[in-house]
Protein chains: 2
Amino acid sequence: MSDAQPEPTLDRPAVLERKGAFADRDAWIASGWCRLESALEVVGTRSAMVLVREVFYGATRFDELVRRTGLSEAVASGRLKDLVGHGLLERRPYREPGARTRDEYVLTDLGSRLFPVVVGLMAWGEDLRDDHHSGVQLVHRDCGAALEATVRCTAGHDVPLDEGAVRLKDEDWARGAVRRA
Amino acid sequence: MSDAQPEPTLDRPAVLERKGAFADRDAWIASGWCRLESALEVVGTRSAMVLVREVFYGATRFDELVRRTGLSEAVASGRLKDLVGHGLLERRPYREPGARTRDEYVLTDLGSRLFPVVVGLMAWGEDLRDDHHSGVQLVHRDCGAALEATVRCTAGHDVPLDEGAVRLKDEDWARGAVRRA
DNA sequence: CTGTATCCCAGCGGATACTG
DNA sequence: CAGTATCCGCTGGGATACAG
């Protein structure tokens, strides 16, 4: 098999299997079919991500967020407004004893669901620069072990890349006739 | 304890617990301590993300990537070069029978470790726009259930947001005495 | 303290035309 | 087919100054 093997398959990395009609589609992407683009429109910027990160770290007040992100006030202000508008954060009035009422930013449920993404990006950034001795680390509060993001299916199985598949929704796949209009 | 409680704690959303010296630091962020920023410098743009997504979907050739991402050739070319430079993708020569040798882009191990991030963003994009009936879906090849990204510690526990903690590395926590200038 | 308003610059990214 | 080169508009984001 040394002169015309059609598929070397030597050590080709795993990719997602293409199911059904997905394999044929060409231009389904640009039209925004993929929710990745929706997500990136909201949290695809550096400023959005670092603000979300700081809120995960427990920052709530404007000046705290500005200080800890290093963003300018103008950028922070605008981006926070976006994040509130998209339902990721919520403004909530609060009052320290003896002080006047102020607002603070807190995570909504939608926002907190970004947790795996933030963890995944931080872990990957760690891989990227193999300096494992400095910086910040996320750990399990109880056992102290480092956090990582993993992929799982809703049936509970761990899913490595080569066991994943991609398909178009609402097409008859695996059963046919899954009437779902 | 009903007249001067310092922390209402009514329905305050969960955040990460701040461990040790982390709680005191102010300006540790801007200096790039957090690996989130390193990650975003590489995959923080739309073009990078959609290219990575298409490679996960199994696209390998330049024109295929351009067509399916909707990026211009110039942008795709430059971004691919970046991704190869950062070790996320790899150029690999291949030859279809009877055709001349060409290059294709394949995932490296580093690149494939972005899988949880891509899954997490897609799942979150789904939450964002509650149209659950159209678009693309990632599923477990074997059982057909949808994929989701979850956070786990290296000891194997599932870690919800309120069980996570953040700390500075190489500081005396849980053991003490890690002198580090 | 919590922003808003301006100005200004760098980088992303589209369009088009051109090379190997 | 697989890019590169050029041009050019849009937006992200820093700095500074100002306002409630």
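Within every chain, numbering begins at 1; the chains are lettered A, B, ... in the order of the sequence lines, protein sequences first and strands thereafter.
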### Query
Run the side chain to side chain contact (heavy atoms under 4.5 Å, CB included) check on B:D158 and A:R152 step by step: do they pass?
CA-CA 11 Å; B:D158 283 350; A:R152 192 187 296 172; 2.7 Å; yes
### Message
Is there a side chain to side chain contact (heavy atoms under 4.5 Å, CB included) between A:L89 and A:V106? Walk through the geometry before answering.
### Response
CA-CA 6 Å; A:L89 298 181; A:V106 295; over 6 Å; no
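The distance from atom CG of A:L51 to atom P of C:dG3 is 12 Å, rounded to the nearest whole Å. One interatomic measurement links the two molecules: CG of B:D103 to C1' of C:dG20, which rounds to 14 Å at whole-angstrom precision. Per the geometry, CG belonging to A:L40 stands 15 Å off C1' belonging to D:dT11, to the nearest Å. In this entry the distance linking CZ of B:F62 with C1' of D:dA2 reads 6 Å, nearest Å. Between the P atom of D:dC10 and the CD atom of A:E41 lies a distance of 17 Å, rounded to the nearest Å. Following rounding to the nearest Å, B:L83 (CG) and D:dG3 (P) show an atom-to-atom distance of 13 Å. Counting to the nearest Å, the P atom of C:dG13 and the CG atom of B:D82 are 10 Å from each other. One atom, CG of B:L65, and another, C1' of D:dC1, lie 13 Å apart when rounded to the nearest Å.
At a threshold of 4.5 Å between non-hydrogen side-chain atoms, the residues B:T60 and B:Y105 do not count as touching. In this structure the side chain of B:R12 reaches within 4.5 angstrom of the side chain of A:E104, judged on heavy atoms.
Atom CG of A:L107 is separated from atom CZ of A:F115 by 10.5 Å, given to the nearest 0.5 angstrom.
When the side-chain nitrogen and oxygen atoms of A:S47 are compared with OP1 and OP2 of D:dG13, one or more of them lie within a distance under 4.0 Å. For the OP1/OP2 pair of D:dC1 and a distance below 4.0 Å, the side-chain nitrogens and oxygens of B:R61 include no atom meeting the criterion.
Out of C:dG3, D:dA2, C:dC12, the shortest distance to the side chain of B:R79 is found at C:dC12.
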### Query
Just by protein heavy atoms under 4.0 Å, how would nucleotides 14-20 of chain D read 5' to 3' in B, S and -?
BB-B---
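Put simply, the side chain of A:R167 never gets that close to the backbone of B:Q137: no donor and acceptor are under 3.5 Å apart. Distance alone, capped at 3.5 Å, is enough to place a donor-acceptor pair between the A:R141 side chain and the B:D162 backbone.
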